[in-house]
Every structure is written in structure tokens, then in C-alpha cells.
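Values below: every heavy atom of this structure, side chains too, minus hydrogens, waters and symmetry copies. In listed order, ligands and their atoms are each counted from 1.
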Amino acid sequence: MEGSAYALASGTIINAISIGKGSAFGVDLKVYAKVRLIDDGKNIVKGKVLDANIKPNLIERCVKNVLEYFGLDYSAYVETKTEIPIKSGLSSSSAVSNATVLATFDALGEKIDDELVLNLAIKSCFDENLTVTGAYDDATASYYGGITVTDNLKRLIIKRDKLKEDLDIIILLPNYKKNVDVDRMKLIKDYVKIAFNYALKGDYFKALFLNGILYASALNFPTNIIIDALSAGAITAGLSGTGPSYVAIAENGEKVKEVWKKYGKVIITKPNNEGAKIC
Ligand SMILES: Nc1ncnc2c1ncn2[C@@H]1O[C@H](COP(=O)(O)OP(=O)(O)O)[C@@H](O)[C@H]1O
Ligand SMILES: O=C(O)C1=C[C@@H](OP(=O)(O)O)[C@@H](O)[C@H](O)C1
């Protein structure tokens, strides 16, 4: 029994860690998962990350959680191939767990229950200590595509929307160390609420900018990088997730790349409003 699926990276509009509510959007960078199940009653699950030097603990956990949910003692082999920078704030953990759970459902021939797939993926991220709030904003943007505005603590989607697909999404990967100082992020909660209200009203670009400035300041990442993107014509820019990556949205991504390339690697991609798929 074999299955395969992909899911999306997501850019941050509102990082949910300080207020429990967040917002994210699907980006056209994918992670692919392949799962092979063996009905041998041994329950041995082995994973391999094909193109990155990281442990397979999350993908093995995802397969184990799906098999446990359905009460199956199969063995399994799972592998991933990714376009998504890891530990950068582009929610690779949400993308990988979505893709792996979906691929396992595919291998089992199980009917796809979106909320069940999402909850098993989020459970796996919690099991591997990879999330603070469950990152339901990132998880739903990765799974459904487009923009999601969410209450992560209640696992509720408050609003969904789409990004114009002719916009460029520019991602900067500077050589800074990731910083997930939750106490410092909670210090800015009153101001993140202001930014979140912009997302609720559908003013996502203002929300992304304010959120980016606030979290970059709280996590000691440079804020001038965000302003540099605006100087190059970006509609908006900000820190993505807990960083260190920055994300900008522009009609002409090349101009933003020109000002950002001195800070690190720059990727120009597109929004993705379609979401995860069995492939
Ligand atoms: N391609 C992949 N294959 C397997 N596991 C992955 C892959 N990409 C990310 N992961 C898992 O997700 C973790 C990174 O998630 P996280 O720390 O939340 O960073 P971010 O979500 O900002 O990328 C990695 O340590 C690894 O456990
Ligand atoms: O762990 C969490 O609860 C979250 C992690 C952040 O994303 P990254 O893990 O990509 O930094 C953030 O954007 C998200 O809203 C909530």
C-alpha cells in the first residue's frame, strides 16, 4: 500500500504566539511525502528526509499517529523531499506534517476528512515539541491554500480569503539564528491585537507589516530590512513566523530581491490558493 501527497509553506500575516490568534497565507513552495505501508503486525515505522540533514522524527510520528488512530499495527517507510527552507519561519513543520498525514491516508485508501488530517498533523507537531499554539493558522494556510485568519486555541477558522496570483512573494533567508523567546513575544500582545484587527477587516498587507515590525523588534531581528523592501516598491513586508526569514509581497519581486540580496538568499515565488494535494 503506497500513498503520496504535498503541502505548502506558509507566510505569516499574524504570528499567533502572543495572542493565540493568527493569520497566514499559502506559498507555492511544497514538501512532498511518500508513504509505504506493510501489513506485518510489527509497527516499525522508519523515515528518511531525502534532501536535508535533519532527523525524521516528525514524519515518523505523523505515520504512527495515523496508524494508531485507525488501530493498525502496520510497519511503514516514509520519505520527504522539500522546497521549503527548514526552521526559517515558513512553517515547514506544519507543511511536512500535513503532507505526511495526507500521504498516509492515501496509502490506507481512507476517505479524506480535512479536519481529522489537520488535527493529526497538529498533534504530531505538539508530540515533537515543534509548536506553541498548534499553529492552526500555518496548518490551515498550508492545507487549504490562500489566506486563513484563525483562533489557534479554539482551532477555528475565522475567515478565509485569496491572494491575487499575479503578485510575487519574496522570501529572504538571512543568516540569523532562530529565536523563539515566547515571554518576549507575549510582551507585544496588545499591539499584535491591533495588527490582528486589520487582518479581521481584510487589510492583510497592513496586518503583515505591523506584525512583522512588532515581532522583529521583540525577537531582536533588524527592522530596517522590512523598510528596505518598501523602498523597493513592496506592497508589504515583515518577519515570517518566529523568523529568521522575512516575507514581502510585490508586483515586481525582482526590485525587492535587488535590495534584499545583500542580507542573504532570496527566493521569489507565488501565492498558492489551492492548498495540499494527493499526488
Ligand atoms: N522536509 C522535511 N522532512 C522531515 N521533517 C521536516 C522537514 N522539514 C521540516 N521538518 C521538521 O520540522 C522541523 C522544523 O519545524 P519548526 O522548528 O517549526 O520550523 P519552521 O516551522 O519555522 O520551519 C524540523 O526540525 C523537522 O523536525
Ligand atoms: O508554534 C506556533 O504556535 C506558531 C509558530 C509561528 O510560525 P513558525 O513556526 O513558522 O515560526 C507562528 O507564525 C504561528 O502563528 C504560530
Give me the residue, atom name and distance of the protein heavy atom closest to atom 16 (P) of ligand 1. Ser93 OG, 3.9 Å
Nearest-neighbour protein heavy atom for atom 19 (O) of ligand 1, which is reported as residue plus atom name and distance: Lys87 CA, 3.3 Å
When distances are taken from atom 24 (C) of ligand 1, the protein heavy atom at minimum range is Ile86 CG2, 4.0 Å
Who's the nearest protein heavy-atom neighbour of atom 22 (O) of ligand 1, and how far? Gly89 N, 2.9 Å
The closest protein heavy-atom partner of atom 26 (C) of ligand 1 is Ile54 CD1, 3.9 Å
Taking 4.0 Å as the limit for heavy-atom contacts, which would you say applies to Ser88 with ligand 1: side chain only, backbone only, both, or neither? backbone
Measuring from Thr104:OG1 to Lys34:NZ, what's the distance to the nearest 0.5 Å? 14.0 Å
Polar contacts were defined as any N/O atom of the residue lying under 3.5 Å from an N/O atom of the ligand; does this apply to Thr80 and ligand 1? yes
Record the part of Thr131 in heavy-atom contact with ligand 2 below 4.0 Å; permitted values are side chain, backbone, both and neither. both
Give yes if a backbone or side-chain nitrogen or oxygen of Ser240 is under 3.5 Å from a nitrogen or oxygen of ligand 2, and no if not. no
Touching ligand 2 at all, Gly134? Heavy atoms, strictly under 4.0 Å? yes
Could you see if Ile19 belongs to whatever hydrophobic cluster contains Val182? Use Ile, Leu, Val, Met, Phe, Trp, Tyr and a side-chain cutoff under 4.5 Å. yes
Ring centres under 6.0 angstrom apart (Phe70, Phe105): yes
Should you measure from each heavy atom of Leu130, which atoms of ligand 1 turn up under 4.0 Å away? 13 (C), 17 (O), 18 (O), 27 (O)
Is the closest N or O pair between Ala16 and ligand 2 shorter than 3.5 Å? yes
The option among Asn211, Asp138, Ile17 carrying the non-hydrogen atom nearest to atom 14 (C) of ligand 2 is Asp138
Atoms of ligand 2 less than 4.0 Å from Gly241 heavy atoms? 7 (O), 11 (O), 13 (O)
Are Leu153 and Tyr136 connected, step by step, through hydrophobic side chains (Ile, Leu, Val, Met, Phe, Trp, Tyr) whose heavy atoms are closer than 4.5 Å? no
Heavy-atom contact check, 4.0 Å cutoff: does Gly22 meet ligand 2? no
Which protein non-hydrogen atom lies closest to atom 4 (C) of ligand 1, naming both residue and atom, and how far is it? Val49 CG2, 3.5 Å
Considering only non-hydrogen protein atoms, determine which one is nearest to atom 7 (C) of ligand 1 and report residue, atom name and distance to 0.1 Å. Val96 CG2, 3.2 Å
Looking only at protein heavy atoms, which one is nearest to atom 23 (O) of ligand 1, and what is the separation? Ser92 OG, 2.4 Å
Counting only heavy atoms, which portion of Lys178 has something under 4.0 Å from ligand 1: side chain, backbone, both, or neither? side chain
Protein heavy-atom partner closest to atom 16 (C) of ligand 2 - residue, atom, separation in Å: Thr133 OG1, 3.8 Å
Below 4.0 angstrom from a heavy atom of Thr82, which ligand 1 atoms are there? Numbered from 1 as shown, please. 1 (N)
Would you say Asn152 and ligand 2 have an N/O pair spaced under 3.5 Å apart? no
Under 4.0 Å from any heavy atom of Ile59, which atoms of ligand 1 are there? 4 (C)
Would you kindly specify which portion of Met185 sits under 4.0 Å from ligand 2, judged on non-hydrogen atoms: side chain, backbone, both or neither? neither
Nearest protein heavy atom with distance in Å, relative to atom 12 (C) of ligand 2: Asn15 OD1, 3.5 Å
